[in-house]
A.B. asks: 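Here it is, the structure in full.
Numbering of ligands and ligand atoms starts at 1, following listing order.
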Amino acid sequence: MMTWKKSIDCCTWNGVTCSQYTGDVIALSLLTFPVPCYKVPSTLFTLPHLQSLSLAFNYLYDSQLPHEIGMLSNSLSHLNISDCGLTGQIPSEISLLPKLVSLDLSWNFDLKLQPHVFYNLLHNSTSLDELLLDYVNISSILPTYLDISSSMKALHLRYTTLQGKLPDNIFNLPYLEQLDLRNNINITGQLPKIYTNINIPLKWLDLSYTNLSGQIPDSIAYLKSLTYLDLLSINLSGQISDSIDHLNRYVNPNFQAFELASCKIKVFPESLRAMRKLQILDLSGNEIDGHSREIRGIELSYLDLSRNIITRPFPPSIWNMDNLQYLNMSNNRFSGVIKPGDMNFSPSVIDMGNNSFSGTISHAFILNGNQFEGKVPNCFSKCLELEVLDLGNNRLTGAFPDHLGRLPNLKVLVFRSNKFHGPIERSSSMIAHPFPSLRVLDLSQNEFGGHLPGKYFQNFDAMKNVIKDGKNGYLNLYYYNIFYYIVIVVKGQQLSFEKISKDYTIVDLSGNKFEGEIPNERCTLNSLIVLNLSNNHLNGQIPQTIGNLSEIESLDLSRNQLSGKIPQSLADITSLEVLNLSQNLLVGRIPGGTQLSTFGTSFEGNPGLCGFPLPKECKHASAPQLEVDGEDESVFTWKVVMLGYGCGTLVGLLLGYFMLSTGKPKWLNAIVDKIEQMIQRRQNKRR
Ligand SMILES: *[C@@H]1O[C@H](CO)[C@@H](O)[C@H](O)[C@H]1NC(C)=O
Ligand SMILES: *[C@@H]1O[C@H](CO)[C@@H](O)[C@H](O)[C@H]1NC(C)=O
Ligand SMILES: CC(=O)N[C@H]1CO[C@H](CO)[C@@H](O)[C@@H]1O
């Protein structure tokens with residue numbers, strides 16, 4: 001509302017529409033408030049002629065939808081408060097808005113709707129033509145006979161914890177065009193038979209992730225308007241392929257989406273060939289091992305054949321699908337060579353992981369876990385939208401592809417376990433502001449060498465000055481409804497993440513050949529949470545300024561040649577949960593009286609170290625090193641790294657990591673429970 005100044009006519013404010021005739025405010029669309037808003041502003045309900053109110057995608061911090069919504073009963077026709085963090089009960093006044101045409105309260109994870117209000121909305125709101133309640137907790141039992149007003153065209157009830165048998169008349173609703181009951185795992189029963197072939201207007205049917213069983217009735221072919229069918233993960237038994245091919249025979253050539261994942265299908269349904277307008281094809285998680293000839297000649301924008309047992313060479317016709325945005329071929333046994341130039345298009349997501357591809361890569365996104373060889377091609381530098389590049393676990397060689405530094409949106413870069421070599425920074429080829437958005441850098445298990453990449457660190461703007469108030473949101477690793485994962489080692493465990501907090505960053509340079517000192521810089525890394533420099537050739541002392549890492553939770557410097565004594569400042573970091581200094585050349589007394597003594601095995605393999613928790617007692621002779629700490633020139637400290645995270649931040653990590661770690665950071669406690677719920681729901685949803 002910052003743009004709203006009192007002096008000018010309110011009808012000219014952003015998002016405000018006034019009636020041409022009366023000058024009354026009739027529509028308000030507050031797509032993202034410029035400032036966080038803590039509740040639904042009650043003044044909104046005093047606009048007596050308001051017809052349309054949209055607050056979607058604003059975060060309203062746990063506020064409730066007030067009863068005052070009833071004050072708009074004479075005017076309100078469109079209400080959209082989706083994805084706003086609303087909580088509590090939806091007031092019953094919502095079903096007393098006679099002019100309401102469209103109601104969208106979806107994606108508010110803690111919102112509840114009482115069953116009687118739900119039935120009123122379905123039955124008595126005679127103007128309502130779309131009711132979108134995805135993720136609202138309704139918990140009511142579906143009636144055997146679904147009695148909805150004749151105006152209703154779209155009913156979206158994903159993940160609403162509805163229960164009971166699928167109503168017998170879902171194919172008998174004369175006006176309903178969209179029915180979405182996805183992810184209501186307590187809905188049981190079978191797909192009802194259809195006894196009439198009069199025009200059934202149903203275009204969109206999503207019954208995925210419900211507990212339906214039985215077979216697809218042949219009469220499903222009567223759904224002549226159907227263009228979107230999603231029966232993903234339904235426990236259908238019997239001759240599923242037969243039913244599909246029956247549908248195949250009667251197939252509506254206008255089909256746009258065909259999603260039959262996890263349905264035990266063994267062959268590509270032949271009817272695909274007839275679906276010339278198909279956009280979305282999801283046959284993932286089946287038992288298909290055959291040819292994919294049937295998808296030739298279709299212009300898909302979404303193709304998921306993952307988790308099958310396809311052993312064929314990769315179908316080249318896919319490379320000619322100009323509109324393809326999402327391609328998931330992972331977890332099959334596709335073989336063959338992908339040649340540079342094969343892929344003439346740039347999908348937002350490609351996942352070809354866990355196959356048996358060989359050859360060089362041309363253009364890709366997530367290609368983790370193949371056997372790609374060769375260099376990272378330059379064509380990536382054209383992917384200006386690229387946010388995540390995971391080429392981990394391949395056999396890529398060559399120097400660090402520093403042209404990636406030009407990608408303005410690249411946030412996650414994973415090169416783990418390849419055969420890259422050489423220095424990361426070559427002053428000759430440094431671009432001015434490399435990697436401005438990078439937050440997660442995993443170059444572990446390669447053969448990179450030279451000094452730690454201080455210049456890069458200096459430029460990682462997205463890792464600096466992060467205000468960790470939990471409000472920065474997440475980089476979601478999903479596209480459409482599909483989630484993919486980034487696998488990273490955190491606190492010694494390999495974890496997979498589907499969502500990355502924008503607050504956190506991680507740098508894992510372990511298992512390389514980096515050499516030289518960890519230089520000193522008098523900056524603060526006060527937000528760093530995870531840093532892994534283990535298994536390199538770093539030498540010199542652990543700098544006194546390490547104490548500036550006041551929030552670090554996981555620090556692994558093991559298996560280097562670090563010398564000198566452990567600085568007291570390290571011992572003073574209270575946030576440390578994992579510390580590993582083993583296999584170095586450290587000497588002297590382990591600072592006592594602090595939590596360092598709880599890191600039992602973190603000091604092993606440093607013959608010169610003594611004192612608790614090591615069994616070796618300290619002799620007085622080992623005291624002299626004490627004087628070495630200080631700020632004089634000879635002390636090696638954190639220059640590179642500090643420079644890098646530049647007075648700002650190398651911050652910790654990902655949501656999953658917080659969920660799995662026992663000690664949640666204090667500032668996160670307030671929101672973590674809610675996020676856990678969300679994740680749980682999403683995980684269930686994925687299931
Ligand atoms: C650091 O990296 C090494 C090698 O990649 C790994 O084994 C170790 O578990 C990591 N340390 C932590 C604390 O995550
Ligand atoms: C510390 O690192 C060493 C070598 O990398 C490893 O063997 C050991 O298990 C690690 N110890 C702890 C406590 O993580
Ligand atoms: C900003 C900050 O905390 N800087 C500290 C970094 O560490 C050195 C040495 O311990 C301190 O002198 C600085 O004050």
A.B. asks: Parallel, tilted or perpendicular: which describes the rings of Phe435 and Phe400, with under 30° parallel and over 60° perpendicular?
C.D. replies: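 Answer is tilted, since the angle falls between 30° and 60°.
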A.B. asks: Within a distance of under 4.0 Å, is there any protein heavy atom near atom 5 (O) of ligand 2?
C.D. replies: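 When distances to the protein are checked, atom 5 (O) of ligand 2 has a heavy atom within 4.0 Å.
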A.B. asks: Looking at ligand 1, is there an atom of it that comes within less than 4.0 Å of some heavy atom belonging to Val578?
C.D. replies: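 Yes, that is the case, since the closest heavy atom of the residue is under 4.0 Å from the ligand.
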A.B. asks: With Ser554 as reference, evaluate Val530, Leu531, Ile506 under the side-chain contact (heavy atoms from CB on, under 4.5 Å) test and give the passing residue.
C.D. replies: Val530
A.B. asks: Considering only protein heavy atoms, determine whether one is less than 4.0 Å from atom 2 (O) of ligand 2.
C.D. replies: yes
A.B. asks: Please report whether ligand 2 has a polar contact with Ser534, defined as an N or O pair separated by less than 3.5 Å (distance criterion only).
C.D. replies: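 Between Ser534 and ligand 2, no N or O pair is found under 3.5 Å apart.
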A.B. asks: Under 4.0 Å from a heavy atom of Asn532: give me the atoms of ligand 1 that qualify, with their elements.
C.D. replies: 1 (C), 2 (O), 3 (C), 8 (C), 10 (C), 11 (N), 12 (C), 14 (O)
A.B. asks: Looking only at distances, can you tell me whether any N or O atom of Asn580, backbone or side chain, sits closer than 3.5 Å to an N or O atom of ligand 2?
C.D. replies: yes
A.B. asks: Measuring from Leu396:CG to Asn446:CG, what's the distance to the nearest 0.5 Å?
C.D. replies: 8.5 Å
A.B. asks: Please verify whether a non-hydrogen atom of Ser554 lies at under 4.0 Å from ligand 1.
C.D. replies: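 Heavy atoms of Ser554 do come under 4.0 Å of ligand 1.
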A.B. asks: I'd like to check whether Arg559 has a polar contact with ligand 2, where a contact means an N/O of the residue lying under 3.5 Å from an N/O of the ligand.
C.D. replies: no
A.B. asks: Under the 3.5 angstrom rule, does the side chain of Asn536 hit a backbone N or O of Asn560 as a donor-acceptor pair?
C.D. replies: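 No, because the side chain of Asn536 does not come within donor-acceptor range (under 3.5 Å) of the backbone of Asn560.
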A.B. asks: What's the separation between atom CG in Leu509 and atom OG in Ser444, rounded to the nearest 0.5 Å?
C.D. replies: 8.5 Å
A.B. asks: Nearest 0.5 Å, please: how far is NE2 in His451 from CG in Leu538?
C.D. replies: 10.0 Å
A.B. asks: Could you measure the distance from the CG atom of Leu562 to the CG atom of Leu585? Nearest 0.5 Å is fine.
C.D. replies: 8.0 Å
A.B. asks: Return a yes/no value for Asp508: is any of its N or O atoms, backbone included, closer than 3.5 angstrom to an N or O of ligand 1?
C.D. replies: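 No, Asp508 has no N/O under 3.5 Å of an N/O on ligand 1.
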A.B. asks: Identify, for atom 13 (C) of ligand 2, the protein heavy atom at the shortest distance, and state residue, atom and that distance.
C.D. replies: Thr601 OG1, 3.0 Å
A.B. asks: Please report the shortest heavy-atom distance between Ile566 and Pro591, naming the atom on each side.
C.D. replies: O-CG, 3.6 Å
A.B. asks: To the nearest 0.5 angstrom, please state how far the OG atom of Ser602 sits from the CG atom of Leu557.
C.D. replies: 11.0 Å
A.B. asks: Any atoms of ligand 2 less than 4.0 Å from a non-hydrogen atom of Ser558? List them with their elements.
C.D. replies: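 Within the 4.0 Å cut-off of Ser558, ligand 2 contributes 2 (O), 4 (C), 5 (O).
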A.B. asks: Gln445 heavy atoms, cut-off 4.0 Å: which ligand 1 atoms fall inside?
C.D. replies: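 Every atom of ligand 1 under 4.0 Å from some heavy atom of Gln445: 4 (C), 5 (O).
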A.B. asks: Regarding atom 8 (C) of ligand 1: of the candidates Asp556, Leu533, Leu579, which has the closest heavy atom?
C.D. replies: Asp556
